[in-house]
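Reading through the structure tokens given below for one structure.
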Amino acid sequence: MSENATAHQDDGHASLIIDNKKLLMWLFLGSDCMFFGTLISTHLIYRKLYPESFDPTTLFSLELTSFSTFILLMSSFLMALAVSAMHKGELKSFRRNVLGVIFFGLIFLGCQVYEFAHFVHAGLTLSTNTFGSTFYMMTGTHGVHVAIGVFWLICMYFYSHTGKMDAHESAVDVEIAGLYWHFVDIVWIVIFTAVYLIEFI
Amino acid sequence: MSQTQIETPSPTTTQAQPAHVLKPERSRLGLMRPDHSKSVFIDWLTTVDHKKIGIMYGAIALFFLFIGGLEALIIRTQLIIPENDLITAQRYNQLFTMHGTTMIFLAVMPLNSAFFNYLIPLQIGARDVAFPRINSLSLWTFVAGALVINFGWLLQALEMMGLFAASGPTAGMTDMVPAGGWFGYAPLTSKDYTGVGTDFWVMGLQILGVASLSSSMNFIVTILNMRAPGMKMMRMPVFTWMSLVVAFLIIFAFPAITIALGQLMFDRVFDTNFFNVAGGGQPILWQHLFWIFGHPEVYILVLPAMGIISEVLPAFSKKPLFGYSIVVFSGAVIGFLGFAVWSHHMFTTGLGKVATAAFSLLTMAIAVPTGVKIFNWVGTLWGGRVRFTAPMIFSLGFVWMFMMGGFSGIMHAAAPADAQQQDSYFVIAHFHYVIMGGIFLALVSGIYYWVPKVFGKMWKGTLSNWVAVLIVVGLNVTFFPMHFLGLLGMPRRTHTYLEGFGWASYNMVCTIGSYILALGILLLLVDLIRCLRSGEPAGDDPWDARTLEWATTSPPQVYNFAQTPVIPARDALWVHKHGPENKKITYEADHGHGIHMPSNSWMPLIASVGFVPLGLGMTLMQAGVPYMGYVAIFGLIMITIGLILWAIEGPGGYHLHPEQENT
Ligand code: HEM
Ligand SMILES: [Cu+2]
């Protein structure tokens, strides 16, 4: 996140308007789409192949997952506020909002840990059937993304206390973290729809 | 951030000193940056210079080309006569698996990478890539992955001496080296059938994936954002264009195999059911995921080669590339279509009539943009003043040989024909014509073309003609008879065969051909060493070439161009030399603060090296070696610490003043 090529851009090399680091994040997210695309389609293929083998509605708690989805959505909202605070150079408001994002992210992770523990207890493990394999791997990969995001934001929070953040340059860094966070949120919306909600239709 | 870290030395003090006396500064960690190190060793290990990174990629790729070639020669020697018992069937499986994996991931891809690294910034007039430290990370991570994949050979040697045996989930397996084929079909890769070798293969490929993904993102940003003023997209050299397409292919194709490898790893470690038939898993899923990556992969291999050809042919025909925009456009079309043909590798699995017909048609369609390119190259030669220099001879060889491979490709695009050819030597002939006859010849052509730029030395004498004759004759003698072998029914991956099958004489010819080919490649190395040791100085533009990289010195200085060039036209240097007065390359004035160079760094190296204990630890844990879990955790910590320190350290930088240095 700190690889910095603005100095090169001083030499008149910037050929697109978009910042190098931001472009890098967009490319990463494009690639990440394919990662999640593969995971989600594996899940859906096996679900369709063995419709009878396992009934997830007995296991899923729509209330809990709706709650954690809502929390993640709200964290995205706070993230947007944090980005705009940084753009205006309001460090205090930035910190407040980032703490909120971190807190909500942790709640989401907590719900996921609880959910996993509950499912395993009820007899669905990685090796029970194809549903267990695809479900845990897909949602687990998403959880790891959230955890990395939380870790990143914690680093940013502490960094904002060192006094080295200057509004102009760091605003881009925060915006990039924001891109990542929103993306992870959107992926969850897809998973929530295609994996959870659809089972209750 | 940047303003604070680049402690700009005041111009008066620096200008008086040549670059190498610049004092290294402290990074934000308080540690000395490894800039201007007196030790050559430290300098190369920590370098962020795209040119040095490119040279290292090239050297390591040539090393693995040698290893992969050795493996091929053992395979061919085993097949020279019927019922040969030079090696066991198990060793044979390991050899063809490692031959394929090595050649594709450790020889051709990194050799392509060497050209990307060295050439792209020079061709677009940039100082370096967009993220120099990520570039260094890509290089060393690639080395780490290569080590992990090949580590099995060491273990196999220990196993043969009776010093090592797998316990744990793969107990009793004597396979320490990957043996499931380069596409590792399920269920062969499950732990019922293969041992720890498959774990090395999975881990190694994952690590290589990190390297490829990070370098591709880096190159896309570089090409889109770092072009010199005036270097519009449609003025870029074709090689840079093809690199851009390849980078996009990599970032969209690699995720499929990364996930598939992850699923396979989970199957082997946590008993999941992705490909495990007993638990409802479908081995065919692996085939789909692999080839969704695998077919784009063959274009990842060949497009850079096409880029090289599109530079060399115009340079030695004294003509611009015929239909530049069509070549660029067909390259992009190949990129798109490449994602829509994967199932032509699965015609015989019973896809159903509609799917088979659709993939058959799409596969034939992809031959169209490929054919368009061939016509463009021929059109470039047409009416040109052709000079038969070494790079040109290899490029012409490419056009001819690649076309032969394309023909057999179209033959198995027809599903009914493919039903006869699938998994026979016919397919081996096809892809060796496109890869050896195509890609490899193009890469050799690129080596002959750009080595004078890279090392500032000119090739000596006409040994290159012998290299060309031996390689082209060798590869035709080796691979042409394989078409017949395939049609006579010889399956690929056969460890031996019986006298009465009627394959003996063809196999004998193939094996002799492979020795000729090996001789040619050996001679190439001799020629290279001769050139590097005692070549005459090459001068900046020895070939009277067309593109920007020839406008700077040979070898280029660290900063590539003393002043930023302003590009007036496509084929900038050619137009500069022979075009109208108002189309000269001009240079932006230096604002007196010198050239800002990125600092060297240890952090990418530390993070990359961490992949070795991580990969080996996780793998050997599977084989039941004690304490390996801790080794893996150590590796993970090393990677994390490397990345965190990387972030804290900041990119740094120092300033150079080229005028002062030259005096
Ligand atoms: C004219 C364009 C091409 C067409 C129509 C084509 C078609 C095909 C088809 C249908 C197969 C499957 C054969 C089978 O397994 O039965 C195949 C295999 C293969 N092709 Fe091509 N191909 C083309 C160009 C290329 C190029 C440019 C490359 C490499 C740079 C390439 C590399 C391969 C490889 C490596 C395999 C075999 C993979 C394996 O089974 O191990 N092909 N090709
Ligand atoms: Cu293919």
Side-chain angles (χ1 to χ4, degrees), chain A residues 1-28 30-39 41-42 45-46 49-50 53 125-134 136-138 141 151 155 159 164-166 168-170 172-173, chain B residues 1-6 28 124-128 130-134 213 216-218 220-221 224-229 231-232 251-256 258-260 262-263 266-267 270-274 276 279-282 285 289 292 564 588 595-596 598 644 646-651 653:
Chain A
M1 59 174 144
S2 68
E3 190 76 16
N4 193 328
T6 37
H8 297 251
Q9 291 173 352
D10 294 344
D11 301 341
H13 280 262
S15 325
L16 285 188
I17 322 289
I18 184 166
D19 178 271
N20 278 357
K21 283 187 281 181
K22 221 190 280 179
L23 183 55
L24 188 76
M25 181 47 83
W26 276 112
L27 292 169
F28 170 76
S31 191
D32 222 15
C33 275
M34 301 299 284
F35 278 97
F36 280 110
T38 313
L39 286 167
S41 41
T42 306
I45 288 167
Y46 276 135
L49 198 62
Y50 303 116
S53 75
T125 66
L126 266 172
S127 54
T128 311
N129 47 27
T130 51
F131 185 90
S133 305
T134 56
Y136 283 119
M137 193 167 176
M138 169 183 53
T141 307
F151 179 70
C155 290
Y159 189 66
K164 287 189 189 142
M165 262 192 169
D166 74 285
H168 186 69
E169 184 61 29
S170 304
V172 177
D173 290 348
Chain B
M1 263 185 252
S2 63
Q3 282 77 3
T4 47
Q5 312 127 24
I6 312 159
R28 279 189 278 167
I124 61 174
R127 292 258 184 270
D128 205 317
F131 301 95
R133 286 184 299 170
I134 294 185
L213 283 169
S216 303
M217 294 177 196
N218 202 349
I220 297 176
V221 178
L224 293 182
N225 262 5
M226 308 290 285
R227 281 168 286 136
M231 180 59 85
K232 303 195 175 111
I251 69 169
F252 291 125
F254 265 67
T258 307
I259 295 298
Q263 294 171 339
F266 268 51
D267 270 6
F270 301 115
D271 290 310
T272 51
N273 303 306
F274 291 105
N276 169 15
Q282 297 281 330
L285 176 69
L289 292 181
I292 286 174
T564 305
E588 283 191 339
I595 297 168
H596 171 241
I644 291 177
W646 171 335
I648 299 177
E649 161 191 71

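Order of the sequence lines fixes the chain letters, A, B, ..., with proteins taken first and strands second; residue numbering starts at 1 for each chain.
Contact count against chain A (heavy-atom pairs under 4.5 Å) is highest for B:Thr258 among B:Leu213, B:Asn276, B:Thr258. Per-residue heavy-atom pair counts under 4.5 Å with chain B were compared for A:Ser41, A:Ser31, A:Gly132, and the maximum is reached by A:Ser31. If you tally non-hydrogen atom pairs under 4.5 Å between each of B:Ala260, B:Gly262, B:Gly281 and chain A, the highest count goes to B:Gly281. Contacts with chain B were tallied for A:Asp32, A:Thr134, A:Ile45; A:Thr134 has the most, counting heavy-atom pairs under 4.5 Å.
For chain A, the nearby part of B:Phe266 is the side chain; its heavy atoms alone come within less than 4.5 Å. Interface remark: B:Leu285 contributes side-chain atoms only to the contact with chain A (heavy atom separation under 4.5 Å). Of the two parts of A:Phe28, the backbone and the side chain both hold a non-hydrogen atom closer than 4.5 Å to a non-hydrogen atom of chain B. Looking at B:Ile292, there are no atoms closer than 4.5 Å to chain A (heavy atoms on both sides), in backbone or side chain.
You'll find the side chain of A:Asn129 stays beyond 4.5 Å of the side chain of A:Tyr50, heavy atoms only. Residues A:Thr130 and B:Gln282 fail the side-chain proximity criterion, which asks for heavy atoms closer than 4.5 Å. B:Ile134 places a side-chain heavy atom less than 4.5 Å from the side chain of A:Leu24.
B:Ser216 is linked by a side chain to side chain donor-acceptor pair (under 3.5 Å) to nothing, counting only residues two or more places apart in sequence or in another chain. The side chain to side chain donor-acceptor pair (under 3.5 Å) test applied to A:Thr128 returns A:Thr125, not counting sequence neighbours.
Atom CG of A:Asp173 and atom NZ of A:Lys22 lie 10.5 Å apart (nearest 0.5 Å).
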